[in-house]
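Working notes for the structure below.
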Amino acid sequence: MTQHTTDLKYQIERILNWEPSSHWRPRDFVQLSDRIHTYTHQRIDALELQVFWQTSEAPSPDLLNALACFADYTDWDDFYERNSYGTVDVEDGVALTHPPMWEIPIKWVIAICWFSVIASVIVAILLVCKR
């Protein structure tokens, strides 16, 4: 499966705003087929949609054109052209404008919060006992 077909699936999933496609049932593909027909006046078989979403089988040009039209492109070629990624040449010695970001795992954040609460309680107890 090419990156472009994956991008097309992603854009359609965002348009639909349904649950993740890994949870779609056959009736969801029937509903998607009906929506495509309503919007583009092109009939796409629900089974063909299901095969396209669940396998890496090469889709037909008609399917790609209909899906691209559903995503508000003229056709598959228009989608492909407007979603192509170029390459960026990076010269040696180019410095980053910012340092790389470090992500702190949520488990660590929770543990630090609990430790600070426990430390605060211990300090409060010690201060009350010193009086």
Side-chain angles (χ1 to χ4, degrees):
M1 181 96 32
T2 69
Q3 182 62 41
H4 286 89
T5 54
T6 303
D7 290 345
L8 180 60
K9 287 180 189 179
Y10 178 72
Q11 286 188 26
I12 290 173
E13 289 170 8
R14 289 194 63 208
I15 290 168
L16 295 171
N17 199 25
W18 291 352
E19 65 185 341
S21 61
S22 58
H23 299 287
W24 289 2
R25 297 193 175 124
R27 70 170 186 252
D28 296 316
F29 292 102
V30 170
Q31 188 175 3
L32 176 57
S33 174
D34 292 340
R35 284 186 178 199
I36 291 170
H37 182 260
T38 300
Y39 190 78
T40 66
H41 305 294
Q42 298 176 36
R43 178 61 65 187
I44 298 296
D45 183 53
L47 185 58
E48 188 177 1
L49 287 169
Q50 187 171 0
V51 168
F52 174 65
W53 244 270
Q54 295 176 347
T55 68
S56 56
E57 185 175 307
S60 71
D62 292 336
L63 173 69
L64 292 175
N65 283 330
L67 291 174
C69 289
F70 183 73
D72 278 336
Y73 295 89
T74 307
D75 56 13
W76 170 250
D77 292 332
D78 181 39
F79 175 85
Y80 192 91
E81 182 179 314
R82 290 170 57 189
N83 290 279
S84 291
Y85 305 104
T87 58
V88 177
D89 294 329
V90 179
E91 298 175 14
D92 290 334
V94 174
L96 294 174
T97 56
H98 58 83
M101 299 297 292
W102 291 87
E103 184 175 322
I104 300 173
I106 192 70
K107 290 187 261 183
W108 283 92
V109 173
I110 292 171
I112 291 169
C113 289
W114 275 109
F115 288 132
S116 66
V117 167
I118 292 170
S120 298
V121 169
I122 292 172
V123 168
I125 291 172
L126 291 174
L127 288 173
V128 169
C129 289
K130 286 279 187 171
R131 285 188 164 183

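Just so you know, these numbers use all the heavy atoms, side chains as well, and skip hydrogens, waters and symmetry mates.
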Shortest non-hydrogen contact between [X] and [Y], atoms and distance:
X	Y	result
Asp78	Asp75	N-OD1, 2.9 Å
Trp24	Glu19	NE1-O, 3.0 Å
Thr40	Phe70	CG2-N, 3.6 Å
Ala68	Phe79	CB-CB, 4.0 Å

Report yes or no: do Glu13 and Trp53 form a side-chain donor-acceptor pair below 3.5 Å?
-> yes
Does one side chain, of Asp7 or Gln3, offer a donor that lies under 3.5 Å from an acceptor on the other?
-> yes
Spatial distance of atom [atom1] ([X]) from atom [atom2] ([Y]) [nearest 0.5 Å]:
X	Y	atom1	atom2	result
Arg25	Gln50	CZ	CD	12.0 Å
Asp72	Ile15	CG	CD1	6.5 Å
Asp34	Arg27	CG	CZ	13.5 Å
Tyr73	Asn83	OH	CG	4.0 Å
Ser120	Ile125	OG	CD1	11.0 Å
Asp28	Leu32	CG	CG	9.0 Å

Distance-only, no hydrogens or angles: does the Ser33 side chain make a donor-acceptor pair with backbone N or O of Ile44 under 3.5 Å?
-> yes
Could you tell me whether the side chain of Trp76 and the main chain of Asp62 form a donor-acceptor pair under 3.5 Å?
-> no
Show your reasoning for whether side-chain contact (heavy atoms from CB on, under 4.5 Å) applies to Lys9 and Ser21.
-> CA-CA 9 Å; Lys9 287 180 189 179; Ser21 61; over 6 Å; no
According to a 4.5 Å side-chain heavy-atom criterion applied to Ile, Leu, Val, Met, Phe, Trp and Tyr, with indirect links allowed, do [X] and [Y] form part of one hydrophobic cluster?
X	Y	value
Ile106	Trp114	yes
Leu49	Tyr10	no
Ile110	Ile118	no

Please test Asp77 against Arg82 for salt bridge (Lys or Arg N to Asp or Glu O under 4.0 Å), starting from the C-alpha separation and ending with a verdict.
-> CA-CA 9 Å; Asp77 292 332; Arg82 290 170 57 189; over 6 Å; no
Find out whether Cys69 and Gln42 are in side-chain contact, i.e. whether some heavy atom of one side chain is under 4.5 Å from a heavy atom of the other.
-> yes
Heavy atoms, side chains only, cut-off 4.5 Å: are Val30 and Pro26 in contact?
-> no
For Leu64 and Tyr80, run side-chain contact (heavy atoms from CB on, under 4.5 Å): C-alpha distance rounded to whole Å, both residues' side-chain angles, the deciding distance at 0.1 Å, then the answer.
-> CA-CA 10 Å; Leu64 292 175; Tyr80 192 91; over 6 Å; no
